[in-house]
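Lettering follows sequence order; numbering is per chain, from 1. Given the structure is predicted, the values throughout are model-derived calculations rather than measurements. These values consider heavy atoms only, across backbone and side chains, with no hydrogens, waters or symmetry-generated copies.
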Protein chains: 4
Amino acid sequence: MKSMRRIAKENQILDAAERIFSEIGFRNTRMEDIAREIGMSKGSVYFYFESKENLYMAVTYRAFEELIRGYKACSASTKDENGKTAVVELFRYHLDFCENQPGYYALLMNYMSLARAEEEKNADMALSEAMRDSTYFRKIRNLRDLPLEIVVSEIVRGQEDGSIRNKKHPHLLYLSAWAQVAGFTEIRSTSRKNRKSTVLNVSVAEWREYTFELMSRVLDDLAA
Amino acid sequence: MKSMRRIAKENQILDAAERIFSEIGFRNTRMEDIAREIGMSKGSVYFYFESKENLYMAVTYRAFEELIRGYKACSASTKDENGKTAVVELFRYHLDFCENQPGYYALLMNYMSLARAEEEKNADMALSEAMRDSTYFRKIRNLRDLPLEIVVSEIVRGQEDGSIRNKKHPHLLYLSAWAQVAGFTEIRSTSRKNRKSTVLNVSVAEWREYTFELMSRVLDDLAA
Amino acid sequence: MKSMRRIAKENQILDAAERIFSEIGFRNTRMEDIAREIGMSKGSVYFYFESKENLYMAVTYRAFEELIRGYKACSASTKDENGKTAVVELFRYHLDFCENQPGYYALLMNYMSLARAEEEKNADMALSEAMRDSTYFRKIRNLRDLPLEIVVSEIVRGQEDGSIRNKKHPHLLYLSAWAQVAGFTEIRSTSRKNRKSTVLNVSVAEWREYTFELMSRVLDDLAA
Amino acid sequence: MKSMRRIAKENQILDAAERIFSEIGFRNTRMEDIAREIGMSKGSVYFYFESKENLYMAVTYRAFEELIRGYKACSASTKDENGKTAVVELFRYHLDFCENQPGYYALLMNYMSLARAEEEKNADMALSEAMRDSTYFRKIRNLRDLPLEIVVSEIVRGQEDGSIRNKKHPHLLYLSAWAQVAGFTEIRSTSRKNRKSTVLNVSVAEWREYTFELMSRVLDDLAA
DNA sequence: TATGAATGAGAGTTCATTCAT
DNA sequence: AATGAATGAACTCTCATTCAT
């Protein structure tokens, strides 16, 4: 049983690690950086996390946990609304999450990449072997599909309650909507370091709203 | 004046580098890997490219060059069609390009990140300093905005010839369309290592076509 | 605050570095050599000194410190004697120092060279840039002129108390005397590896004494 | 038999090598530097000199040759003067030579060091083994003692003709005088990069003259 | 628990030297 | 004779990891 103190320390390390990993990437991050960030010694970090990869996976795991907590809360808060509203809110939440947790998007994508590589027994990535060996890697498996499932079930609900008139396969709708959010996040993040509110002279806020308007329209399938 | 032989060798190296960088990333790639891939010694690679960062930027430069060659060709081949068709074809070309040149997408995005970091004098990325110092980095500056300009001019043409009824700012339309393509590429690539033709039980070909259908619809702005 | 243990280790490394640098020169010395000399690993040396140049400058700094400590002690011990005696003793001390600290002379001269190159913004010496960037390089600046100042003030004292009848400019006397000591050290060191007590069939001890006799005579200026 | 053309090329290389070796030292000099300096390729240099060490020794050899040519000329031109004058002129020539051939002094000293190391079978200097293996190294042996012998014979002549009243062992006188010249050269060279005409506010020309005045006085032995 | 030290396996880069043309 | 290429050993420096205290 982990003590309160231990959990607190672990979270402190995870915070720092998340910050730095997402800023400069896994390989560019030194354990020393993480330790210094919280006034700790390198050795101590190893007391809590057995390896760099393990720490990285722990960060990813925590991020998944939090994301899913949010998905569930979001889903719960819209259970009285129609399916379409629920879906849009879920993506809105997702986008907010990425915006507020810099680099979270990268963690998620990287995990997906690793998971895929495992299924395919792709031995290309020697480095990531250690990641897949991490206990956290396996713990994430129990979570990773939840966001998908939650969104898809809301899509189905929407198709049933008539708010989503688009009758394409729910997975296709999910992918289309997610691609839009992912693309927005990716392009936005490429120019994110500063907090500039415009990209190419377009107000980010406007672009963002338009993204959701398009998503909404897709679900409406007005054109079909 | 570079000899034919030299250019051929450089391209051979660039090919190998592109392959490996895109497979396992910049940091994970060893110069030795690249050299061995083409049966060369480490030292020889340095005869052609002064540093790892320089080589990386050279790869990026070549990718930009090729991309733009394609954009121009694509644009030329649709000059008799209406603007909307031209725009869709450009994105279709872009997506094909990313699909066929594994990792190209990452190169492009990474460059944008570096360029942005430079404008903001963001010293976070110590590693990338050497990249920005590369002569290729500066050569790319003359190219990087061409794709944007080409697409935007076609959008404008489409708005003028009536094929693009959506009267939003061309930049906003560009971003929306590009986000869709970028998102598709990103998600697709996360599960690309093998040549599986389905993601989440959805046929990739179908998803792909649907992406263009949605893009087309956005330009039509049927719902507006 | 540096621990006792740390300081001891640093000095152990400095000892080894001084030994090897002076034996085979800066460029010929490998960090590995220094580490092995004291049964340490390469990496550990880097724990204490951030670079080879930094280590070299640290060695130089320590040498300066010790030299000056000696100058001061020597000067203090002759404060009741006349100026000429004080001057001769200072040079005698200097020569002893060079004799006992093999290669010290080279360190001192190299530093002077670097310092000069800096003032002249001479970019010839690419290698030494890192040396000038060392924190130790700047620390030495506060010390480097002390020997000169001490000797010159004793020369002035000697001219005032009548023991140094030579009325030439104190700096000229300093240079003339120092040249003699420097020349002796240089020639002697060229054939120093062994402890042979003769050079060209001349007893080194005799030559040495004669050097001081000549110096003494210059200060007396008997011939003027 | 070496062709004219070959000898010319060799000398061109030797010129460049002498310049660069003396500026930045043996280890810091790259064969490429030397080749580029005269618009030649690295490979070509190897056609004329089998190794870097061999080239270095060739430079040294040529320097010795020239020095000795000068010694002989100088000696011949003073054969009608008394011994003391001849000695002073020889040292004056030596000093001029060092002043005009930057780095020559280092070459000479380095050779002495190598020669000494050989006699003592000192295996410290692994690098220099190749130098001692050079054919030029052995050729120098036939020359190296000539300057000493010439000076010493003039000293003896001076002692006999009464111009050198100092009756100390000629070798001791030689060492004392040479030390003075060597010290002057060393200190002067430390601050030589620019052509400043003062050191420590002392006019170099004045210091130089004073050096010879002192030397002259030593030979006179006025004080004895 | 925590930390300062120590380690050692690389990784990027340099450069003397060789070789094919 | 000359050169552009190619090589590989050597070297500096990094950093994840371990360990003694």
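Helical stems involving DNA chain F, defined as 3 or more consecutive Watson-Crick or G-U pairs under 3.5 Å, span E:2-21 with F:2-21.
With sequence neighbours left out, B:E65 forms a side chain to side chain donor-acceptor pair (under 3.5 Å) with B:Y61. In terms of the side chain to side chain contact (heavy atoms under 4.5 Å, CB included) criterion, residue partners of C:T135 (sequence neighbours excluded) are, by chain and number, C:N54. The side chain to side chain donor-acceptor pair (under 3.5 Å) search around C:Y48 returns none, not counting sequence neighbours. Take C:R6 and apply the side chain to side chain donor-acceptor pair (under 3.5 Å) test, not counting sequence neighbours, and it matches C:E10. In this structure, C:F49 has no ring pair (Phe, Tyr, Trp, His ring centres under 6.0 Å) partners at least two apart in sequence or on a different chain. Annotation: salt bridge (charged side-chain N to carboxylate O under 4.0 Å, His left out) contacts of C:D133 (sequence neighbours excluded): none. Looking at residues two or more places apart in sequence or on another chain, you find a ring pair (Phe, Tyr, Trp, His ring centres under 6.0 Å) between B:F64 and B:Y111. Listed by chain and number, the residues in a side chain to side chain contact (heavy atoms under 4.5 Å, CB included) with A:R5 are A:S3, A:K9 (sequence neighbours excluded).
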For a quick test of your reading: what N or O donor-acceptor pairs under 3.5 Å do the side chains of residues 29-41 of chain B make, sequence neighbours left out?
| from | atom 1 | to | atom 2 | distance (Å) |
| --- | --- | --- | --- | --- |
| B:T29 | OG1 | B:G25 | O | 2.6 |
| B:R30 | NE | B:D33 | OD1 | 3.4 |
| B:R30 | NH2 | B:D33 | OD1 | 2.9 |
| B:E32 | OE2 | B:R36 | NE | 3.3 |
| B:E32 | OE2 | B:R36 | NH2 | 3.0 |
| B:D33 | OD2 | B:R30 | N | 3.1 |
| B:R36 | NH1 | B:M40 | O | 3.3 |
| B:E37 | OE2 | B:R19 | NE | 2.8 |
| B:E37 | OE2 | B:R19 | NH2 | 3.0 |
| B:S41 | OG | B:S44 | N | 3.4 |
| B:S41 | OG | B:S44 | OG | 3.1 |

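At a non-hydrogen distance threshold of 4.0 Å, nothing from residues 9-16 of chain D comes into contact with DNA chain E.
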**OP:** Any chance you could list the contact pattern along nucleotides 15-21 of chain F? Use B for base contacts, S for sugar-phosphate-only contacts and - for none, protein heavy atoms under 4.0 Å, 5' to 3'.
**Re:** SBBB---

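Heavy atoms of A:Y48 sit under 4.0 angstrom from primed sugar atoms or phosphate atoms, though from no base atom.
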